[in-house]
Structure formats: C-alpha cells, structure tokens
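See structure below.
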Amino acid sequence: MTHNADRRLEFHLPRDLETGMPYFIAVRAAERHGVARKNPLTGMSRVPVMVGA
C-alpha cells in the first residue's frame with residue numbers, strides 16, 4: 001500500500017533489497033488532480049538512500 005500526499009510519500013520496499021547498498025528513489029506521476037497526463041512526470045532523488053537491516 002502506498003500513500004501520496006502533498007508533502008509526504010509512503011511506500012513499501014521489496015524484502016529482497018540488499019542492505020548497505022545505495023539506492024535512488026524514482027517517483028512517476030501519471031495524473032494530476034485526477035486528470036490523466038499525456039506524458040507522465042518522473043522525479044528522481046538526488047541523494048542516495050541506504051537500506052538498513
């Protein structure tokens with residue numbers, strides 16, 4: 001389950017991700033205010049995150 005709000009994004013990570021490895025988070029939006037977009041927007045984190053045990 002995910003939750004997307006104006007200032008907060010929650011999501012679950014796959015259980016098989018390697019711990020201690022750097023990952024970047026990509027978020028894609030296919031609609032805005034309930035209206036489908038012709039071209040989805042993709043945002044990418046600039047700083048890597050580490051998965052802990």
Side-chain angles (χ1 to χ4, degrees):
M1 181 170 114
T2 62
H3 177 74
N4 188 3
D6 289 342
R7 298 177 189 265
R8 185 172 165 157
L9 176 65
E10 296 176 13
F11 54 92
H12 295 275
L13 298 174
R15 293 179 191 254
D16 58 352
L17 285 180
E18 265 188 76
T19 58
M21 298 292 295
Y23 291 94
F24 290 90
I25 298 172
V27 177
R28 178 167 287 175
E31 62 180 55
R32 183 176 179 171
H33 303 295
V35 178
R37 302 181 60 88
K38 287 184 180 180
N39 300 313
L41 298 174
T42 302
M44 184 77 118
S45 64
R46 295 180 184 162
V47 178
V49 295
M50 301 289 257
V51 176

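FYI, side chains are in, hydrogens and waters are out, and symmetry mates aren't considered; it's all heavy atoms of this structure. None of these values were measured; they are calculated from a predicted model.
When all heavy atoms are compared, the tightest approach of T42 to R28 is OG1-NE, 3.0 Å. Heavy atoms only, all atoms of each residue included: F24 and R46 are closest at CE2-O, 3.8 Å.
Shown here are the side-chain contact (heavy atoms from CB on, under 4.5 Å) partners of L41, two or more places apart in sequence or in another chain: R37. When the side-chain contact (heavy atoms from CB on, under 4.5 Å) test is applied to R15, no partner is found at least two apart in sequence or on another chain.
V47 and V49 fall into different hydrophobic clusters, where Ile, Leu, Val, Met, Phe, Trp and Tyr residues are linked whenever their side-chain heavy atoms come under 4.5 Å apart, directly or through other members. A continuous path of ILVMFWY side-chain contacts below 4.5 Å connects I25 to L17, so both sit in one hydrophobic cluster.
For the pair V27/F11, no side-chain contact is recorded, criterion being any heavy-atom separation below 4.5 Å from C-beta on.
Here the OH atom belonging to Y23 is positioned 9.5 Å from the CE atom belonging to M50, to the nearest 0.5 angstrom.
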